[in-house]
2 protein chains.
Amino acid sequence: MKEETRLREARAIVNELLVDIFNRILAIEGENLKQKGIKLSMSEIHVLEAVTKVLEPTMTNIAKKLGITVGSLTVSVNTLYQKGYLSRERDQDDRRKVVIGLLPKAEEILEVHNDFHNDMVNSIFKDLGIDEDEVLISSLQKLSSYFKE
Amino acid sequence: MKEETRLREARAIVNELLVDIFNRILAIEGENLKQKGIKLSMSEIHVLEAVTKVLEPTMTNIAKKLGITVGSLTVSVNTLYQKGYLSRERDQDDRRKVVIGLLPKAEEILEVHNDFHNDMVNSIFKDLGIDEDEVLISSLQKLSSYFKE
DNA sequence: AAACTATATTTGAAGTTCAAAGTATTTTAA
DNA sequence: TTAAAATACTTTGAACTTCAAATATAGTTT
């Protein structure tokens, strides 16, 4: 194959990955939750997940992690609090802050979520046999940090 | 680094790529459109894009490509038709079908969209210097087809 | 023709998001 | 010290997206 053609294809593939695949995964995971009788939407799951990933889980920090406004997050946290997934209390030192915490009910849900992702990634690795590819992994690492900047 | 640790990291990176990065790109592209004074939402852009990507652009086929219901698509196509981005006519052979087409106005928009993606992918390739990596490209190809199954 | 299937539209409800306006708290600076 | 500015969050209203159910329309089968 001509070098030029190969390169064009590579770019098309990266583009497609970045555009198509993600939606498919979201849909698959949505189905997965539905099957297991879990009533939360994917965006609610992402809120729970963000709470665990953020160092100091205040509204502002969580919203930043999610890339949404604090106002939007408030609405979402309202319902998750109502439903008993999240705790919510003022910070003692700075009482403007609201610190969000996971309740046991949420931890169960996140376990399902993590299992799903582990299974998915494991089967990708297994089916594609890319475990051993140093170059791939370091490239993906670069790609990942590229978008985190 | 221990083999086991390296592998665990690789999986975490793939997972993160599949989860985090996409949202960031969507947001960046949304900003891009806003800056250029384009009034369409990302989901409307995706409808236009799907019309070009599908072999026979009927409502059912386009909805399948997008992973949404035909009902949702109808709502979206209504406004895009109103605004003059899409044409809409019954199929001559099977008059149950509605064939959607792009109008010139839509093609301009998609050009901006494509430019954005080309620029993004080009700068990824350039900044990361992964042009020459055969293994990466073939792995990405596998990954891509894995999710298309 | 009647019943059935396939395709698309309409409508209503629920969820997500943002922007703007408002409240409470803390920090800064005169 | 105290008034102003900055920070953190909530509330509300509007726009958009999506789905599910009901309806409409076109084609197929018996």
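Residue numbers begin at 1 in each chain, while the letters A, B, ... track the order of the sequences.
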Inset, instruction - Describe the nucleic acid contact of B/K34 in one word from base, sugar-phosphate, nothing, applying a heavy-atom distance below 4.0 Å. - result: sugar-phosphate
Inset, instruction - Considering just the side-chain nitrogens and oxygens of B/T69, establish if one lies under 4.0 Å of OP1 or OP2 belonging to D/dT18. - result: no
Legend entry - Of residues 89-101 of chain B, the positions that come close to DNA chain C - non-hydrogen atoms, cut-off under 4.0 Å: B/R96, B/K97, B/V98
Inset, instruction - Take atom CG of A/L66 and atom P of C/dT17, then tell me their distance rounded to the nearest Å. - result: 8 Å
Legend entry - Side chains of A/T60 and A/T58, donor plus acceptor under 3.5 Å: no
Legend entry - Test: B/E44 and B/K39 ion pair at under 4.0 Å: no
Legend entry - Sequence neighbours excluded, every pair satisfying salt bridge (charged side-chain N to carboxylate O under 4.0 Å, His left out) that has a member inside residues 105-122 of chain A: none
Inset, instruction - Check every strand shown and say whether A/T58 touches a base, only sugar-phosphate, or nothing at a heavy-atom separation below 4.0 Å. - result: sugar-phosphate
Inset, instruction - Pick base, sugar-phosphate or nothing for A/T74, based on heavy-atom distances below 4.0 Å to the nucleic acid. - result: base
Legend entry - Under-4.0 Å side-chain N/O to phosphate OP1/OP2 contact, A/S72 with C/dT17: no
Legend entry - Interatomic distance where CG belongs to B/N78 and P belongs to D/dT17 [whole Å]: 13 Å
Inset, instruction - Output the residues of residues 36-44 of chain B in contact with DNA chain C, where contact means a heavy atom of the residue under 4.0 Å from an atom of the strand; sort by number or write none. - result: none
